[in-house]
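Below: one structure, written as structure tokens.
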Amino acid sequence: MAFQTMEWIGATATLRLLDQRFLPEVVQYRDLATPEAVAGAIRDMTVRGAPAIGVSAAFGIAQAALLAEAAGRPLIPALEAADGVLRASRPTAVNLFWALDRMAGLWRAGAGAAQLLAEAQVMEREDIAVNEAIAAHALAILPQEVTFFHHCNTGALAAVGVGTALGIIRRAHEAGRKVFAYLDETRPRLQGAKLSSFELMEYGVPHAIVVDGASAHIMRRRRVDMAVVGCDRVAANGDTANKIGTYNLALAAQDNGVPFYVACPSSTIDLATPDGDGIEIEEREADEVLRIGGQRVAPEGAPAFNPAFDVTPNRLIAGLITEFGIVRPPFDVNLRALLAGRDGRVVSCGK
Ligand SMILES: CSC[C@H]1O[C@H](OP(=O)(O)O)[C@H](O)[C@@H]1O
């Protein structure tokens, strides 16, 4: 059963999103007609994953312009309102702000709806190329037989293309490597158990779901060649924000001599944030911790604290796998060198 994370429906100027909140049991879509609805879908995690969030927001901006033009209303106030509501949807994934800044650069310069829609579609295509380039750079360092440890969901459900870290795992399998992946479940939203396994089942990639607390034991007792995760924001020194539990996994990997890699589209690199202490960590509703599948698992009235991300210090990271190549320490120097003069241009994935 094929699935598509997002699709622009030109006839109705709606953004069709796969509603990831009900996977894997139910594959259902939502057609969103306004930037406010797109912002709500980002906030409630209908769509999630740093790259997918950014592209969705770009389409939300295009929608604002289309609606204003159709109603004969001035563009700038409508776009400023849409930009504001989208920026407020989630705080940690820098791709959201990177995408909105890129769109704002156009509409503040007078771009109309057609140009804004075209730019959102360019970003959609770029993500596909970026994902393939990340996988290609990773493949160059992978052995013929490779066992991965993966956290959260970073595949096609988190992006427009094949995804980042899970895209590496998928493409390695499809390239003929003998691949096995341990997927931790990733409490509380279970992106690993629900979404990454859904994807790897679809692609036929051998894997096993494990509880979050099993990572150190597995890396100590069983073969794991590489831990690979996604990212939501990489600070200028290489400290990386990703789904809560990533830092724990990185510590377990270090303790067991397992190299820890971050699949990192350049749109996720935030040179304006010097280090991980400057990254805002989203705190979500306590109910996400207190309930599983709507069933309360904690005592009535019990409190919970639900940070949705954590920051992995750069000292635990072997490399950042970007579309331009693998960045190694010292990250502060090498990240700036990687981006110098590129102004975010995406590498082509052409033959
Ligand atoms: C392609 S990286 C996606 C990144 O986003 C996830 O967070 P969420 O599911 O809350 O959007 C997680 O941090 C992944 O690594």
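What you see is a predicted model, and the numbers here were worked out from it, not measured in a lab.
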- Heavy-atom check, side chain of K194 versus side chain of L23, under 4.5 Å: no
- Item | With N248 via side chain to side chain contact (heavy atoms under 4.5 Å, CB included) - residues at least two apart | D310
- Message: Once rounded to the nearest 0.5 Å, what's the spacing between atom CZ of R73 and atom CG of L67?
- Response: 6.5 Å
- Item | Co-members of L251 in a cluster of I, L, V, M, F, W and Y side chains, linked at under 4.5 Å | Y247, L316
- Note on the structure: All heavy atoms of T240 vs all of V262, minimum pair found to be CG2-CG1, 4.0 Å
- Query: Going by atom types alone, do N131 and R171 pair a side-chain donor with an acceptor below 3.5 Å?
  - Reply: no
- Query: Under the ring pair (Phe, Tyr, Trp, His ring centres under 6.0 Å) test, which residues partner F180, sequence neighbours left out?
  - Reply: Y182
- Message: For Q295, is the CD atom crowded, meaning more than 12 foreign heavy atoms sit under 6.0 Å from it?
- Response: no
- Item | Qualifying residues under ring pair (Phe, Tyr, Trp, His ring centres under 6.0 Å), relative to F59, sequence neighbours excluded | W8
- Decide yes or no on side chain to side chain contact (heavy atoms under 4.5 Å, CB included) for F97 and R233, but give the supporting numbers first. CA-CA 11 Å; F97 308 99; R233 191 183 296 248; 3.6 Å; yes
- Item | Joint hydrophobic cluster, L106 plus L96, side-chain heavy atoms closer than 4.5 Å | yes
- Query: If you group Ile, Leu, Val, Met, Phe, Trp and Tyr whenever their side-chain heavy atoms sit less than 4.5 Å apart, what else falls in with F309?
  - Reply: I279, I281, V311
- With sequence neighbours excluded, residues passing side chain to side chain contact (heavy atoms under 4.5 Å, CB included) with R21: D19, R30, D44, T46, R189
- Query: How close do L86 and A57 get, heavy atom to heavy atom, and via which atoms?
  - Reply: CD1-O, 3.6 Å
- Determine whether V229 and V162 fall in the same hydrophobic cluster, where Ile, Leu, Val, Met, Phe, Trp and Tyr are linked whenever their side-chain heavy atoms lie under 4.5 Å apart. no
- Task: Determine the minimum heavy-atom distance between V258 and A227, stating which atoms define it.
- Result: CG1-N, 3.7 Å
- Query: Linking I/L/V/M/F/W/Y whenever their side-chain heavy atoms sit closer than 4.5 Å, directly or via other members, would L75 and L66 fall into one cluster?
  - Reply: yes
- Task: Output the distance between atom CD1 (I321) and atom CD1 (I168), rounded to the nearest 0.5 Å.
- Result: 4.0 Å
- Query: So, do V224 and N256 sit near enough that their side-chain heavy atoms are less than 4.5 Å apart?
  - Reply: no
- Message: Atom CZ of residue position R296 - does it have more than 12 heavy atoms of other residues, nucleotides or ligands inside 6.0 Å?
- Response: yes
- Message: Once side chain to side chain contact (heavy atoms under 4.5 Å, CB included) is applied, do any residues pair with I76, and if so which ones, sequence neighbours excluded?
- Response: E80, W107
- Item | CG on L249 to NZ on K243, rounded to 0.5 Å | 14.5 Å
- Note on the structure: Heavy-atom closest pair (V85 atom, A39 atom, distance to 0.1 Å) is O-CB, 3.6 Å
- Query: Does the side chain of S196 reach to within under 4.5 Å of the side chain of H151, using non-hydrogen atoms?
  - Reply: no
- Rounded to the nearest 0.5 Å, how far apart are CD1 of I9 and OH of Y29? 10.5 Å
- Task: Only pairs at least two apart or in different chains count here, so list each salt bridge (Lys or Arg N to Asp or Glu O under 4.0 Å) that has a residue in residues 84-99.
- Result: D83-R87, R87-D101, R90-E282
- Just wondering, do M123 and V160 contact through their side chains at under 4.5 Å, heavy atoms? no
- Would E145 and D225 satisfy side chain to side chain contact (heavy atoms under 4.5 Å, CB included), going step by step from the backbone distance to the final call? CA-CA 9 Å; E145 183 171 343; D225 300 296; 5.9 Å; no
Enumerate donor-acceptor pairs with a distance under 3.5 Å from any side-chain N or O in residues 211-219 to protein atoms, sequence neighbours excluded.
{"from": "D212", "atom 1": "OD1", "to": "E185", "atom 2": "N", "distance (Å)": "3.4"}
{"from": "D212", "atom 1": "OD1", "to": "T186", "atom 2": "N", "distance (Å)": "2.7"}
{"from": "D212", "atom 1": "OD2", "to": "R187", "atom 2": "N", "distance (Å)": "2.8"}

- Task: Check step by step if side chain to side chain contact (heavy atoms under 4.5 Å, CB included) holds for F260 and Q254.
- Result: CA-CA 8 Å; F260 183 88; Q254 183 190 54; over 6 Å; no
- Query: Just by modelled atom types, is the N237 backbone N or O under 3.5 Å from a matching donor or acceptor in the N314 side chain?
  - Reply: yes
- Query: Taking the side chain as C-beta and beyond, is there a heavy-atom pair between L100 and I61 under 4.5 Å?
  - Reply: yes
- Message: Check for me, please, whether V122 and I128 land in the same ILVMFWY cluster - side-chain distances under 4.5 Å, paths through other members count.
- Response: no
- Item | Between CE on residue M226 and OH on residue Y261, distance to nearest 0.5 Å | 5.5 Å
- Message: Closer than 3.5 angstrom, by distance alone: can the side chain of K178 be matched with the main-chain N or O of V146 as a donor-acceptor pair?
- Response: no
- Nearest heavy-atom approach of A236 to R336 is CB-NH2, 4.0 Å
- Between R102 and A58, is there a donor-acceptor pair closer than 3.5 Å when you use the side chain of the first and the backbone of the second? no
- Between the side chain of R48 and the main-chain N/O of N153, is any donor-acceptor distance below 3.5 Å? yes
- Message: I'd like to check the side-chain hydrogen bond (donor to acceptor under 3.5 Å, both in side chains) partners of T322; sequence neighbours left out, ordered by chain and number.
- Response: none
- Looking at side-chain heavy atoms only, is the closest gap between I292 and V297 below 4.5 Å? yes
- Heavy-atom check, side chain of S56 versus side chain of L15, under 4.5 Å: yes
- Note on the structure: CD of Q121 to CG of L116, rounded to nearest 0.5 Å, is 11.0 Å
- Can you name the nearest heavy-atom pair linking Q63 to A13, along with the distance? NE2-O, 3.0 Å
- Query: Are the side chain of H150 and the backbone of A165 linked by a donor-acceptor contact shorter than 3.5 Å?
  - Reply: no
- Message: Quick check against the 3.5 Å criterion: does E199 have a side-chain atom that pairs as donor or acceptor with the backbone of L157?
- Response: yes
- Message: Donor-acceptor pair, distance only, cut-off 3.5 Å: does the side chain of E69 make one with the backbone of A113?
- Response: yes
- Message: Less than 4.5 Å apart, side chain to side chain, heavy atoms only: is that true for T312 and N242?
- Response: no
- Item | SB check R43 E285 (cutoff 4.0 Å) | yes
- Note on the structure: Residues at least two apart in sequence or cross-chain that pass side chain to side chain contact (heavy atoms under 4.5 Å, CB included) with A181, listed by chain then number, are F148, I169, L183, L200, H207
- Shared hydrophobic cluster, V333 / I269 (ILVMFWY, side-chain heavy atoms < 4.5 Å): no
- Full working for side chain to side chain contact (heavy atoms under 4.5 Å, CB included) between R222 and T147: CA-CA 10 Å; R222 302 174 77 98; T147 297; over 6 Å; no
- Task: Could you list who else is in F22's hydrophobic cluster, with ILVMFWY side chains joined at under 4.5 Å, directly or through other members?
- Result: V26
